[in-house]
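One structure below.
Because the structure is predicted, anything quoted here is derived from the model rather than measured.
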Amino acid sequence: MLSEQYLSPVSRPVEFPDWNRFSSVYVDRPDQAWEWMRQTGVLPAALDWVRPEVAEAWCRCFEDYRLPPGTDDWPRKAGPDGLEPCISLELASVWERVRGIFDFLKGAQAALIVADARCRIFRVLDDGLRMAPVIRELLRTGADWREEVLGNNGIGSAAVLGTAIAFEGKEHYGARLHALVTAGCPLRNAAGETTALVGLVSDRRGSAGALLAFLRMACDGLTAPGPERNRRAEQVTEVPPGEHGLIRDAAVEGLLDKALRLQERGIPLLVSGESGTGKEYLVRFAHRLGPRRKGPLVAVNCASIPKDLIESELFGYEAGSFTGARSRGKPGKFLLADGGVLFLDEIGDMSFDLQATLLRVLETGEFVPVGGAKPLRVDVQVVAATNVDLQEAIRQGRFRRDLYYRLNGARLHLPPLRQRPDRCRIFHAVFEQEAAAAGASRIRLGEGVMALFERHPWPGNLRELRNVIRNALFACSGSVLTVDDLPADFLEEAEQYEGSSGLEGREAVHFADGLSLSKVESESIAAAICSCRGNMSQAARVLGIARSTLYKKVSRYGLSTWDSARALPKSRVCGPGSAAD
């Protein structure tokens, strides 16, 4: 039986002397993050403690609605109590159809809700939800579930984002919802306008994923789609909330299933693919669904940590082990990831000497902190990711062959966007997601833009695609996204590729079969540098990577920015009339 005590903030203080230092420990730990807000009165500095959609929702509550964090004792921005929802024939029709799916919720301890487009409760059906008085008050007819009134919640946030979403426990900004799981999904009419919101509320912890999946399927059946929507529904598998860097299809689903099986057995995993294909999102999503989800996911970018510091970052150090060391020592990433997953991104940039130490840890499950004498044992699944050809790195003497085989317990390869047969579906899926996030759901993708997208090789893959669409949506002033709305640097890049060959199958010219992953990446980098006329910041944006990472890759492949880009074969990089001629 839920009681009032579960709806009040926890009074016991939680000490976090250095939030940034400990942020990697509690990845996706909303309880600690919310307690930090309650005690400090401000948002946590490291919002990667919670899911991206939770972090964004908290920022909206704090910055847009000015709701004090760590409480829900806010001035109510609602109208008079008991204000009736905006009843329409369409809303009543939705209710009649929703009632038909309620039988599937028998025994689920959930309440089924229909609200109008303003997030006012229209009708509620309850199946065994044991409600405290506060919760019962929230489920009355006319109750206001907007974000600015309750903080983020399934119904209010679905209305803001235009897509289905769910929150659990202290992922809710307001304390009154901490005992609940809330999920919501918008329903739209033929004009694309939100006419109703369908929601589920439960007091069963850990049920957010199941409620959201059920709600998606139920609302998909409630919507009367036109021919175009039917076609896309058959072709595109929707991305789960927060996983906007990964588009799921049958091939990606197979990779995800394999990752989940390997996670259960703790077998090391190697994820390969070009920059921007969604490697990190695949790892994070697999962790969220897998048997190690209760343990932490600790991510380390091997390319961003200086070589002389990465050993202490991975394995930690004892007090006084070197000049400048902390007086109490520091736990390493392996120890922080105990019971969970350690994600080593850009593993190909790890120093050769450290690779031998990593190999021993993978074989024994033990490591010795820097300056220490006693080995520590951990239960960690190591997932490594790379965007370079490790076989080529082995031949060049930059990567240990034995470590490669040890990491390669299984290899998952994410194909680049240009090689995915479902490119057109991906373009539509990404456009719909970005349009919904920007509140521009009425804008549609023009045929000219689609034709240009289909011809483009997308060296930055999904990351580049999202950046292009996001910027274009802000520039679009009409109801159709046209070529004129696309960013100028993208159009310049597209012009360079268009001029590079008169052949229709330009992919065969730029990215011929048989090229190694490193060869493809080096030529993509050179092409981007050339199309940007040596502007490294612009080239990094085109590729969807940090400028520092671009410089490292330029050095790795022996390029010297603009001069080397111009020296590459014109058929692969810069077309006639470009600066390379």
Side-chain angles (χ1 to χ4, degrees), residues 24 266-272 275 279-280 283 298-326 329-338 341-409 411 516-518 521-522 545-546 548-559:
S24 58
I267 296 176
L269 178 62
L270 180 63
V271 183
S272 62
S275 294
K279 298 185 295 296
E280 182 174 353
V283 174
V298 179
V300 180
N301 190 315
C302 299
S304 65
I305 303 175
K307 292 182 179 180
D308 55 344
L309 295 179
I310 192 169
E311 185 171 7
S312 62
E313 282 292 319
L314 288 179
F315 308 121
Y317 58 81
E318 297 291 343
S321 56
F322 55 87
T323 302
R326 295 177 180 176
K330 178 183 176 182
K333 303 299 185 184
F334 265 95
L335 186 60
L336 298 178
D338 191 21
V341 175
L342 178 64
F343 176 44
L344 301 178
D345 197 10
E346 299 197 43
I347 187 70
D349 290 315
M350 179 176 286
S351 66
F352 195 83
D353 294 338
L354 185 58
Q355 292 174 25
T357 305
L358 177 61
L359 177 63
R360 288 195 298 272
V361 177
L362 292 176
E363 290 176 342
T364 65
E366 295 181 345
F367 67 92
V368 178
V370 175
K374 183 180 179 181
L376 303 177
R377 174 171 289 275
V378 290
D379 173 25
V380 172
Q381 185 203 24
V382 174
V383 179
T386 182
N387 53 23
V388 300
D389 187 345
L390 290 184
Q391 293 279 18
E392 180 66 23
I394 292 172
R395 287 191 288 270
Q396 296 176 2
R398 295 188 294 107
F399 202 83
R400 295 180 62 101
R401 185 180 300 273
D402 48 3
L403 177 58
Y404 171 77
Y405 289 124
R406 191 67 181 83
L407 283 172
N408 199 12
R411 180 184 177 190
S516 67
L517 185 62
S518 59
E521 183 178 50
S522 65
I545 59 179
S548 59
T549 302
L550 176 59
Y551 276 110
K552 289 181 180 180
K553 293 181 184 296
V554 165
S555 176
R556 176 194 300 162
Y557 294 124
L559 304 173

Would D379 and D338 count as a side-chain contact (heavy atoms from CB on, under 4.5 Å) if you check the C-alpha gap in whole Å, the side-chain angles of each, and the deciding distance to 0.1 Å? CA-CA 5 Å; D379 173 25; D338 191 21; 3.8 Å; yes
Mind running side-chain contact (heavy atoms from CB on, under 4.5 Å) on S312 and K330 for me, showing each step along the way? CA-CA 8 Å; S312 62; K330 178 183 176 182; over 6 Å; no
Should L390 and L407 be marked as a side-chain contact (heavy atoms from CB on, under 4.5 Å) after you check the CA-CA gap, both sets of side-chain angles, and the distance that decides it? CA-CA 11 Å; L390 290 184; L407 283 172; 5.6 Å; no
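Using a 4.5 Å heavy-atom cutoff, the side chains of E313 and V300 are not in contact. Looking only at side-chain heavy atoms (C-beta outward), V283 and E280 stay at 4.5 Å or farther from each other. Proximity of Y317 to E311: side-chain heavy atoms (C-beta onward) are nowhere separated by under 4.5 Å. At least one side-chain heavy atom of P268 sits under 4.5 Å from a side-chain heavy atom of R406. The shortest side-chain heavy-atom distance between L403 and L362 falls under the 4.5 Å cut-off. Looking at L344 and L314, their side chains come closer than 4.5 Å, going by heavy atoms from C-beta outward.
With rounding to the nearest 0.5 Å, the separation of CD in Q396 from CG in D389 is 9.0 Å. Annotation: the span from E346 atom CD to N301 atom CG amounts to 4.5 Å, rounded to 0.5 Å.
Shown here for L342 and V380, the closest heavy-atom pair between the two residues is CB-CG1, 3.6 Å. Closest approach of F399 and I347 over heavy atoms only: CE1-O, 3.6 Å. The nearest pair of heavy atoms linking D402 to L359 is OD2-CD2, 3.2 Å. When all heavy atoms of Q355 and R400 are compared, the closest pair comes out as OE1-N, 2.8 Å. Considering every non-hydrogen atom in both S275 and N387, the closest pair reads OG-ND2, 2.9 Å. The shortest heavy-atom contact between T386 and G348 is OG1-N, 4.3 Å.
The side chain to side chain contact (heavy atoms under 4.5 Å, CB included) test applied to A385 returns V271, K279, F343, D345, not counting sequence neighbours.
Listed by first then second residue, pairs satisfying side-chain hydrogen bond (donor to acceptor under 3.5 Å, both in side chains) with a partner in residues 362-376 read E366-R377, not counting sequence neighbours.
In this structure, Q381 contributes its side chain and I267 its backbone to a donor-acceptor pair below 3.5 Å.
Below 30°, between 30° and 60°, or above 60°: for F334 and F315 the angle between ring planes is below 30°, a parallel geometry.
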